[in-house]
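Below you'll find the structure, written out as structure tokens, and then a few comments.
Order of the sequence lines fixes the chain letters, A, B, ..., with proteins taken first and strands second; residue numbering starts at 1 for each chain.
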2 protein chains.
Amino acid sequence: MATINDVARLANVSVATVSRVIGNTNRVKPETRSRVIEAIKTLNYQPNILARQLRRKETKSIIVVVPGITNSFFSNVLLGIETIASKYEYQVLLGDTQNDQSKGYAYLDLLKQKQVDGVISLTARMKREYLEEISNQYPVVLACEYLEGSNVPTVAIDNIRCAEKLTQHLINLRHKRIAFLSGPMEIILNRDRLKGFYNSMIIHGMEVDSSLVAEGDFTMESGYQLTKKLLTLERPPTAIFAANDEMAIGSIKAIKCIGWKVPKDVAVVGFDDIKMASIFEPSLTTIAQPASLIGIRAMETLLDLMNQESYVRRSTILKGDLVIRESCGATMI
Amino acid sequence: MATINDVARLANVSVATVSRVIGNTNRVKPETRSRVIEAIKTLNYQPNILARQLRRKETKSIIVVVPGITNSFFSNVLLGIETIASKYEYQVLLGDTQNDQSKGYAYLDLLKQKQVDGVISLTARMKREYLEEISNQYPVVLACEYLEGSNVPTVAIDNIRCAEKLTQHLINLRHKRIAFLSGPMEIILNRDRLKGFYNSMIIHGMEVDSSLVAEGDFTMESGYQLTKKLLTLERPPTAIFAANDEMAIGSIKAIKCIGWKVPKDVAVVGFDDIKMASIFEPSLTTIAQPASLIGIRAMETLLDLMNQESYVRRSTILKGDLVIRESCGATMI
DNA sequence: CTGAAAGCGCTAACAA
DNA sequence: TTGTTAGCGCTTTCAG
């Protein structure tokens, strides 16, 4: 493997000069420059990035921590991140935690080990103290999920307002008995969605039957099981608000399973607008997050953090859109 | 940021000793060791991995190039890769090309730049010469897709045989007019599936009506459009073999769209067994690739390549399984 | 415009 | 068991 020394020797210049033409930072006489380029070509030279990074003390790369790459929602966020990152010549690494907390810590450690300059985490499911400590020393931004009452820079939608909007929609459709299929209560996103649900109900003077609020784990399977139970109630719900699309689909499956129709017998709405939401039948009424924009804003925030000593911590709240499809029954009217 | 020097000074030892306790390679007197550990703790020291990698000339990390992370099939392959990688303490990076060739090259360049020790590519959609050249100099293994007639180590299923099996299944179900919804012809995987289709048809002395073979691009949309056209034929097909699940789902949507039923009026089968295949209604009969096993074998092969000077190039062919669900009509019988 | 030289933080001979 | 020291390959002053 050719090194910068080999190139220098062949081109009859010093390594400094070679370095200059590589980074075309300083002016080099056109003649020498072409001699160097020639040498680079004949030797098939590629600079060792590791050495450069060590010397420069920056890697020009960031890592995005994702709780599960399967989720198409995240890939759109990623798209937004990459758009901005590539514009500023940052490399984007991907770390999948597969919902395993400990893996998340390992990715954050890359910061300490100087393997990345910053991280964007699409999950906040880590020990609060740890996340905050790291965030005080290194550039970290949270996207989609956030840490309650902390000042870690965050980009997310307003889950409370979105849930209110969605609940409102169901209420407008004359539903009185609305169930809420919750995700894990320790996840703030989920608590926000539940809160929005309550807010809307209360505003309209509607009672929330606590037997209609069931906690699952964001999986299709849990949506299915929970719904099965709800349907055996003496007074089953006429509408179901699932805390995410996966659960909503599981829910619809359960409803179909006992021979009922969606949305005729029970309306169902989800949250996130994953790819399957539009493909599944009936298609899902849900809240679409501006995924790609979230990514863009997150990366911009991270760039700020990385480029200035004074950590200006700022967070961004974006709005989500109500997407009306078949599962809520609005289109039947 | 504390360096190894700071630790050494604080612990009153040489940097070599600190290095020894970090890598706990050489024996260090328990007493000194604990003194060093103490120092590491108080300084909150983390070794600079970049420096280590530069010195050792290895990064202990590999990159997996994926054509699109959204595809759940890939995340299972990834799971297999990570299982083995973590056992051997390799870090796994993820590079998403989003079906953009040029991005693939950029990831391969990480090898030359010494940023990764090896790559597993889940796509072979790159210039053949380039891929082969790289593979001659660095550890590269192809998984799922392969390069025709090349000796780049590969782990994949036998697409031809699987397609034969699937076609056979349709023939057993008494179908005579079977259409083939093809992906892009330049993709070898697709050509293999088509070949398997022809093989089975010919073996059973069945004619392949060339007007029933249509080329799309592996997307749901193309499956939809192509099927729409097929259904307007004077003698529409009674069964459709889609080259992948996405197209199969698009196809079913088109069939439902004109009011026909699947599988009653037209049977449809796909290929890959993506997550949606089991969730969609009707659920899809398809070929399930042993995704996680492919990942495991690929990583094992890569480890071999990385650990021995003599590149023993070996490829592995695994078998895919026919998964019979609703869309083919077999369960109705 | 170019070169000499220091050094990023670490590991691994080699010596003691 | 421990220390000394020479680099890994590059960038970046500082001189010239």
Problem - Nearest-Å distance for atom pair CG/P, residues B/N5 and C/dC10 - result: 8 Å
Practice task
Can you tell me the distance, in whole Å, between the CZ atom of A/R9 and the C1' atom of C/dG3?
Solution key: 16 Å
Exercise for the section: Mind checking A/S19 for me? I need base, sugar-phosphate or nothing, with any heavy atom below 4.0 Å counting as a touch. Expected result: base
Handout entry: Earlier contact from the 5' end, DNA chain D, for B/K29 and A/L50
Key = B/K29
Problem - Short side-chain N/O contact to D/dG9 OP1/OP2 from B/K57, under 4.0 Å - result: yes
Practice task
Quickly work out the A/L54 CG to D/dG7 C1' distance and round it to whole Å.
Solution key: 12 Å
Fill in the blank from the handout: Separation of D/dC8 atom C1' from A/I49 atom CD1, nearest Å, is 15 Å
Exercise for the section: Figure out the CD1/C1' separation between A/I4 and D/dT11, and round it to whole Å. Expected result: 8 Å
Exercise for the section: May I ask you to verify if any side-chain N or O of B/T3 is less than 4.0 angstrom from the OP1 or OP2 atom of C/dG9? Expected result: no
Practice task
Measure across B/A11 and B/R35 and return the closest heavy-atom pair with its distance rounded to 0.1 Å.
Solution key: O-NE, 2.9 Å
Exercise for the section: For B/R52 and B/I22, run side chain to side chain contact (heavy atoms under 4.5 Å, CB included): C-alpha distance rounded to whole Å, both residues' side-chain angles, the deciding distance at 0.1 Å, then the answer. Expected result: CA-CA 11 Å; B/R52 170 183 298 167; B/I22 294 171; 3.4 Å; yes
Handout entry: Among C/dT11, D/dT4, D/dT1, the nucleotide that comes nearest once only the side chain of B/A16 is considered
Key = D/dT4
Problem - Residues B/Y146 and B/D192: side-chain donor-acceptor under 3.5 angstrom - result: yes
Completion exercise
Whole-Å distance, A/R27 CZ to C/dT2 P, equals 10 Å
Handout entry: Contact summary for B/V65 and B/Y107, nearest pair of heavy atoms
Key = CG2-CB, 3.8 Å
Handout entry: Integer-rounded Å distance: C/dA12 P and B/Q53 CD
Key = 13 Å
Exercise for the section: Using heavy atoms to find the nearest nucleotide of DNA chain C for A/R35 and B/A2 separately, return the residue whose nucleotide is more 5′. Expected result: A/R35
Handout entry: N/O donor-acceptor pair, side chain A/R20 with base C/dG3, under 3.5 angstrom
Key = yes
Exercise for the section: Could you state the atom-to-atom distance from CZ of B/R52 to C1' of C/dT11 in whole Å? Expected result: 9 Å
Problem - A/A51, nearest nucleotide to its side chain (from C/dA5, C/dC10, D/dG9) - result: D/dG9
Practice task
Check whether any side-chain nitrogen or oxygen of B/R56 sits under 4.0 Å from OP1 or OP2 of C/dA12, and answer yes or no.
Solution key: yes
Completion exercise
The answer to which of A/R33 and B/Q46 contacts DNA chain C further toward the 5' end, by nearest nucleotide, is A/R33
Exercise for the section: Would you tell me if any nitrogen or oxygen in the side chain of B/T17 comes within less than 4.0 Å of OP1 or OP2 on D/dG3? Expected result: yes
Problem - Nearest-neighbour nucleotide for the B/T32 side chain, D/dC8, C/dC8, D/dT2 considered - result: D/dT2
Exercise for the section: State whether a side-chain donor-acceptor pair under 3.5 Å links A/S292 with A/N76. Expected result: no
